[in-house]
Amino acid sequence: MITNCLARPGFLAGLLFLSFGCLAQNNAKEKADQSATVQVVVTNYENKPLKGEEVIFISSDKNKQLRGRTDAAGKFSFKLPAGDVYTIKLKTMTDTTSYSTMNIPALAPGEFFQGPFTVNIQYEAPRTFTLNNVHFDTGKPTLRPASYKELDEIAGYMKIKEEESYEIAGHTDNVGKEEDNLKLSQQRAESVKAYLVKKGIDASRLKAKGYGASQPVADNSTAEGRQKNRRTEVVTL
């Protein structure tokens, strides 16, 4: 048996990515499995395993997606067809962020992968997400239909993270009376909570809280700043 081992380390965007595999040649020329075992490990920066993280592998032709979700040890494994390049994405609350690619080489006759490919990811999820695509009717707590897509994605993420609880935080600019802004921000937070509950999220996991104009993130003296301050956030508790 002839063995050739390759290592491909890298460090990208705060994530540690490492893949390796061993190509071996069977002198008996038995029919080889045309796939590679991939082992995925996701931890935070203190090497604590992260449960329920969804990692997506997308083939180069964009037509195939394979997904896995980490267990309590922060791990999962599965098989990927050889002879393809895969984009690796990590599912977050409002996005699937692309971090790196993995090339699994094609196998020649009689070759097989003796060892697994491994992907080690270090990741620290933000505690607060601003929902940039959630909008309301002017001066009202009514959600606009354009908001539904992002809220559906958030509901899907919350279903994966079934052990987490969240605060839905409503914020306004400083135009108008303070008590009116506080009331409107509370109503808008409750509207988002109600939508997520309708999508299957347990109400006990969600807390709606309106802050009015008390927590600006930009200058209220400009139109651009006021727009940034009119926002909805999801905070992991």
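What you see below is based on every heavy atom in this structure, not just the backbone, and it leaves out hydrogens, waters and symmetry mates.
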> When hydrophobic residues are tied together by side-chain contacts of less than 4.5 Å, even through go-betweens, does L182 share a cluster with V192?
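Cluster IDs for L182 and V192 differ.
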
> With hydrophobic residues grouped by side-chain heavy-atom distances under 4.5 Å, do Y148 and I154 end up in a single group?
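Yes, one cluster joins them.
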
> Measure from the side-chain N and O atoms of S185 to the backbone N and O of Y211, and report whether any donor-acceptor pair falls under 3.5 Å.
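It does hold such a pair.
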
> With a 4.0 Å cut-off on N to O distance, would you call K51 and E163 a salt bridge?
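Looking at E163 together with K51, the answer is yes, because their closest N to O distance falls below 4.0 Å.
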
> How about R188 and L184: do any of their side-chain heavy atoms sit closer than 4.5 Å?
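Of all side-chain heavy-atom pairs linking L184 with R188, at least one is under 4.5 Å.
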
> Can you classify the ring geometry of F57 versus Y86 as parallel (below 30°), tilted (30 to 60°) or perpendicular (above 60°)?
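Perpendicular, since the angle between the ring planes exceeds 60°.
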
> For the pair N181 (side chain) and T172 (backbone), establish whether a donor and an acceptor sit closer than 3.5 Å, ignoring hydrogens and angles.
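Absent.
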
> A side-chain contact here means heavy atoms from C-beta on lying under 4.5 Å apart; do Q39 and F117 qualify?
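Sidechains of F117 and Q39: no contact.
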
> For a quick test of reading the model, state the closest non-hydrogen atom pair linking G170 to A189 and the distance between them.
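What the structure gives for the nearest pair is N-CB, 4.0 Å.
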
> Kindly write out the residues that satisfy side-chain contact (heavy atoms from CB on, under 4.5 Å) with K75, not counting sequence neighbours, or none if the list is empty.
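For K75 the side-chain contact (heavy atoms from CB on, under 4.5 Å) partners, ignoring immediate neighbours, are V41, D71, A73.
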
> Would the number of heavy atoms belonging to other residues, nucleotides or ligands and lying under 6.0 Å from CD of Q215 be above 12?
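Atom CD in Q215 is crowded, with more than 12 foreign heavy atoms closer than 6.0 Å.
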
> Let me check something: any side-chain donor-acceptor pairs from residues 139-146 under 3.5 Å, sequence neighbours excluded? List them with distances.
from : atom 1 : to   : atom 2 : distance (Å)
R144 : NE     : F136 : O      : 3.0
R144 : NH2    : F136 : O      : 3.4

> Charged N to carboxylate O under 4.0 angstrom, R67 versus E54?
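The answer is yes: the pair qualifies as a salt bridge.
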
> Checking T236 now: which residues fulfil side-chain contact (heavy atoms from CB on, under 4.5 Å) with it, not counting sequence neighbours?
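Once residues adjacent in sequence are excluded, the partners of T236 under the side-chain contact (heavy atoms from CB on, under 4.5 Å) criterion are R127, E164, Y166.
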
> Hey, are the side chains of V55 and K91 touching, using non-hydrogen atoms and a 4.5 Å cut-off?
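In short, these two side chains do not touch, never coming nearer than 4.5 Å.
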
> Would you say F76 ends up clustered with I104 if hydrophobic residues are merged whenever their side chains have heavy atoms under 4.5 Å apart, either directly or through other cluster members?
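Yes, I104 connects to F76 through the hydrophobic network.
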
> For N132, which residues count as a side-chain contact (heavy atoms from CB on, under 4.5 Å) partner, sequence neighbours excluded?
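Counting only residues at least two positions away or on another chain, N132 forms a side-chain contact (heavy atoms from CB on, under 4.5 Å) with T130.
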
> Check whether more than 12 heavy atoms from other residues, nucleotides or ligands sit under 6.0 Å from atom CD of E179, and answer yes or no.
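Check passes, neighbour count above 12.
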
> Please list all pairs passing the salt bridge (Lys or Arg N to Asp or Glu O under 4.0 Å) test where one or both residues lie in residues 205-234, with sequence neighbours left out.
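Residue pairs with at least one partner in residues 205-234: E167-K207, D173-R230, E224-K228, R231-E233.
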
> Among all residues two or more places apart in sequence or in another chain, which pass the side-chain contact (heavy atoms from CB on, under 4.5 Å) test with K199?
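Here the qualifying residues are D152, A155, Y195.
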
